[in-house]
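Input: a single structure, listed below in structure tokens.
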Amino acid sequence: MYEGVVQDLIDELGRLPGVGPKSAQRIAFHILQAEPADVRRLAHALTEVKERVRFCAECGNVAQEERCRVCLDPRRDQAVICVVEEPKDVVAIERTREFRGRYHVLGGAISPIDGVGPGDLRIRELLARLADGSVTELILATDPNLEGEATATYLARMVGSLGLRVTRLASGLPVGGDLEYADEVTLGRAFEGRRLLDV
């Protein structure tokens, strides 16, 4: 639709997750109208992140060194590992300031439709971390969707014989939400996970 490099930029931006053709076009024209210094900073940030950022050798989280800051922190509880699908999930949990253990990032979830099986995830690495017996609890914090549930069930069966306490994050109604808009699974889980009120 556009000439040469402009269309190339729109096409490349359109390959990003969550960026459709109209958004890609909007971003491309924003870049065209931006100051050259701003564009250079963006290009530099993209280059730097690809050159300097890697995945933690221990947990799979993003890191600039061999191990991430969570794995390097001696104050974290090494007996509890929270299993998540992606590094962005670590950030979400860390924002709560409720969890003081370690993480294990799988790198996705089991999804036969997308051709992702257990062998494509960091499950072997998780089992290796559990082998020495120092971990007492495994928290399965995969997404509450079909793929996340399948992954959590698979992991629970895999580690069932290790004598670990295996837990799953509770799920239910969001704060500020309306019951009429909740789906059946969410509402059902909210009933299962109901708790006694202290009055």
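FYI, the numbering just counts along the sequence from 1.
Two residues are said to be in side-chain contact when any heavy atoms from C-beta on lie closer than 4.5 Å; E58 and E125 fail this criterion. Between R122 and R129, the closest side-chain pair of non-hydrogen atoms is not below 4.5 Å. Looking at heavy atoms from C-beta onward, L155 lies in side-chain contact with L106 at the 4.5 angstrom threshold. Counting only heavy atoms from C-beta outward, the side chains of L138 and L126 approach each other to under 4.5 Å. Side-chain contact between L9 and L13 is present, with at least one heavy-atom pair separated by less than 4.5 Å. Taking the side chain as every heavy atom from C-beta outward, V70 and Y103 approach each other to under 4.5 Å. Annotation: side chain of R124 is not in contact with side chain of L127 (no heavy-atom distance under 4.5 Å). The side-chain heavy atoms of R15 and D11, taken from C-beta on, include no pair separated by under 4.5 Å.
E85 places a side-chain N or O within donor-acceptor distance of the main-chain N or O of D143, the cut-off being under 3.5 Å. Without hydrogens or angle criteria, D132 side chain to S134 main chain gives a donor-acceptor distance under 3.5 Å. The backbone N or O of T142 sits less than 3.5 Å from a side-chain atom of R168, completing a donor-acceptor pair. Here the side chain of T136 pairs a donor or acceptor atom with the backbone of A79 at under 3.5 angstrom. Looking at R100, its side chain never comes within 3.5 Å of a backbone N or O of R75 through a donor-acceptor pair.
For the atom pair L140 CG and E149 CD, the distance stands at 10.0 Å (nearest 0.5 Å). For the atom pair E94 CD and T96 OG1, the distance stands at 7.5 Å (nearest 0.5 Å). The OG atom of S23 sits 10.5 Å away from the CG atom of L16 when rounded to the nearest 0.5 Å. In this structure, SG in C56 is found 7.0 Å from CG in L72, a value given to the nearest 0.5 Å. Residue R52 holds its CZ atom at 4.5 Å from CD of Q64, rounded to the nearest 0.5 Å. Between atom SG of residue C82 and atom CG of residue D89 there is a gap of 9.0 Å, rounded to the nearest 0.5 Å.
Cluster membership check: V80 shares its hydrophobic cluster with I93, using side-chain heavy-atom separations under 4.5 Å among Ile, Leu, Val, Met, Phe, Trp and Tyr. V116 and F55 fall into different hydrophobic clusters, defined by Ile, Leu, Val, Met, Phe, Trp and Tyr side-chain heavy atoms under 4.5 Å apart, directly or through other members. Hydrophobic clustering (ILVMFWY, side-chain heavy atoms < 4.5 Å, transitive): L46 and V19 are in one cluster. Clustering ILVMFWY residues whenever any of their side-chain heavy atoms sit less than 4.5 angstrom apart, transitively, puts L121 in the very cluster that holds Y154. Linking ILVMFWY residues whenever their side-chain heavy atoms come closer than 4.5 Å, directly or via other members, leaves M158 and I139 in distinct clusters.
Crowding of I113 atom CD1: a count of heavy atoms from other residues, nucleotides or ligands under 6.0 Å not exceeding 12. Few gaps surround CZ on R67; more than 12 heavy atoms of other groups in view lie less than 6.0 Å from it. Applying the 6.0 Å contact sphere to CD of E3 captures no more than 12 heavy atoms from other residues, nucleotides or ligands.
A salt bridge is defined here as a Lys NZ or Arg NE, NH1 or NH2 lying under 4.0 Å from an Asp or Glu carboxylate O, and E35 with R41 fails to meet this definition.
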